*Asks:* 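Supplied in structure tokens, the structure appears directly below.
Counting starts at 1 for both ligands and their atoms, in listed order. Note that the structure is a prediction, hence the values are computed from the model and not measured.
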Amino acid sequence: MKIDQVLKELEATQQQFWNISPEAGKFLYDLVKKCKSLQILEIGSSNGYSTLWLAKAVLENKQGCIITIEQDIQRAALAHQNFEKTGVQRFIDLKIGDAKQILMHLDQEFDFIFIDARKSEYLEYLKLIEKNIKKWGIVVADNILYPYPQKVRNYVEYMRTSGVFTSRLENVGSGMEVSIKK
Ligand SMILES: C[S@@+](CC[C@H](N)C(=O)[O-])C[C@H]1O[C@@H](n2cnc3c(N)ncnc32)[C@H](O)[C@@H]1O
């Protein structure tokens, strides 16, 4: 099945699986496509909706691979099905478990990271993976404006003031912080 068809189908259950909006998905797709990102990491796959937007860019760029992490076994199983349905599983490594444990053991570098798991843990994920982010690597974090901006405040503050990243809010979906490693 075509990715666009599956994306359309999944939009019917968007709220149930806490998926990003189609507009936010298109935003991620455009970034990966333009930057020709090669090593992509996603934290918080749910049923794979946002992963499919990333995968669509990888497919069209004809290069790249994705690691995506989900701790809920049922949602991970649905993500797996959706990847198989569209044939993108060949370049997606779906890791099931707590991102904090998994990130600790990743040793490859990344040039694109999308963070969309537990809001209060964003900074913890980032710190665990920061050394693996390439120069000019992009980190996008969702839900900066909605629904719990206070939970991501420490993350936003770090991204804007640590001196490690250049960072700003994009008013797309629930608010996405887009940061580039200097
Ligand atoms: C907002 S949903 C992700 C939605 C997905 N990015 C999309 O737009 O299609 C957040 C997901 O993160 C997962 N999650 C939360 N904390 C996690 C953790 N510590 N490790 C791995 N997954 C986690 C939840 O189980 C949930 O499925």
*Asks:* Treat each ILVMFWY residue as a node, draw an edge where side-chain heavy atoms are under 4.5 Å apart, and state whether F165 and L123 are in one component.
*Replies:* yes
*Asks:* Is it true that K100 and E121 have a side-chain N and a carboxylate O under 4.0 angstrom from each other?
*Replies:* yes
*Asks:* Test of understanding: given a 4.0 Å heavy-atom threshold, classify the contact between R75 and ligand 1 as side chain, backbone, both, or neither.
*Replies:* side chain
*Asks:* Specify the protein heavy atom at minimum distance from atom 9 (O) of ligand 1: its residue, its atom name, and the distance to 0.1 Å.
*Replies:* N19 ND2, 2.7 Å
*Asks:* Does the distance from a Lys or Arg side-chain N to an Asp or Glu carboxylate O, for K26 and D30, drop under 4.0 Å?
*Replies:* yes
*Asks:* Do any nitrogen or oxygen atoms of E70 come within less than 3.5 Å of a nitrogen or oxygen of ligand 1?
*Replies:* yes
*Asks:* Can you tell me which residue and heavy atom of the protein come closest to atom 18 (C) of ligand 1, and the distance to 0.1 Å?
*Replies:* Q71 OE1, 3.3 Å
*Asks:* Check this for me, if you would: do E60 and K62 make a salt bridge, where the nitrogen-to-carboxylate-oxygen distance has to be below 4.0 angstrom?
*Replies:* no
*Asks:* Checking a contact table here: which protein heavy atom is nearest atom 10 (C) of ligand 1, and how many Å away?
*Replies:* D116 O, 3.1 Å
*Asks:* Output the list of atoms in ligand 1 that are nearer than 4.0 Å to some heavy atom of I20, sorted by atom number.
*Replies:* 7 (C), 8 (O)
*Asks:* Mark up the atoms of ligand 1 that fall under 4.0 Å of a heavy atom belonging to Y125, in ascending order.
*Replies:* 16 (N), 17 (C), 18 (C), 19 (N)
*Asks:* Is it true that D116 and K119 make a salt bridge, defined as a side-chain N closer than 4.0 Å to a carboxylate O?
*Replies:* yes
*Asks:* Should L145 and S174 count as side-chain neighbours, where that means a heavy-atom distance under 4.5 Å?
*Replies:* no
*Asks:* Over 60° means perpendicular and under 30° means parallel, so tell me whether Y49 and W53 are parallel, tilted or perpendicular.
*Replies:* perpendicular
*Asks:* Got the closest protein heavy atom to atom 1 (C) of ligand 1, with its distance?
*Replies:* W18 O, 3.3 Å
*Asks:* Where is the nearest protein heavy atom to atom 20 (N) of ligand 1: which residue, which atom, and how far?
*Replies:* A99 N, 2.8 Å
*Asks:* Heavy-atom contact under 4.0 Å between A24 and ligand 1?
*Replies:* no
*Asks:* Check ligand 1 against Y49 and write out every atom of the ligand that is under 4.0 Å from a heavy-atom position of the residue.
*Replies:* 9 (O)
*Asks:* In ligand 1, which numbered atoms sit nearer than 4.0 Å to a non-hydrogen atom of G97?
*Replies:* 20 (N), 21 (C)
*Asks:* May I ask you to check if K33 and Y29 form a cation-pi contact, with NZ or CZ under 6.0 angstrom from the six-membered ring centre and within 45° of the axis?
*Replies:* no
*Asks:* Does CD in E170 sit with more than 12 non-hydrogen atoms of other residues, nucleotides or ligands closer than 6.0 Å?
*Replies:* yes
*Asks:* Donor-acceptor pair, N61 side chain versus Q63 backbone, under 3.5 Å?
*Replies:* no
*Asks:* Between G44 and ligand 1, does any nitrogen or oxygen pair lie at a separation below 3.5 Å?
*Replies:* yes
*Asks:* Under 4.0 Å from a heavy atom of E121: which atoms of ligand 1 are those, numbered in the order shown and with their elements?
*Replies:* 19 (N)
*Asks:* With respect to N47, determine whether any N or O atom, backbone or side chain, lies less than 3.5 Å from an N or O atom of ligand 1.
*Replies:* no
*Asks:* List ligand 1 atoms under 4.0 Å from A117, heavy atoms only on the residue side.
*Replies:* 12 (O), 14 (N), 15 (C), 16 (N), 17 (C), 23 (C)
*Asks:* Knowing that exactly one of K127, E130, R153 qualifies, which makes a side chain to side chain donor-acceptor pair (under 3.5 Å) with Y158?
*Replies:* E130
*Asks:* Taking only heavy atoms of R118 into account, list the atoms of ligand 1 that are under 4.0 Å away from them.
*Replies:* 15 (C), 16 (N)
*Asks:* Output the list of atoms in ligand 1 that are nearer than 4.0 Å to some heavy atom of D98, sorted by atom number.
*Replies:* 18 (C), 19 (N), 20 (N)
*Asks:* Decide whether an N or O pair under 3.5 Å exists between F17 and ligand 1.
*Replies:* no
*Asks:* Which heavy atom of A79 sits nearest to which heavy atom of G48, and what is that distance?
*Replies:* CB-N, 3.7 Å
*Asks:* Nearest protein heavy-atom contact for atom 7 (C) of ligand 1: which residue, which atom, what distance?
*Replies:* S50 OG, 3.1 Å
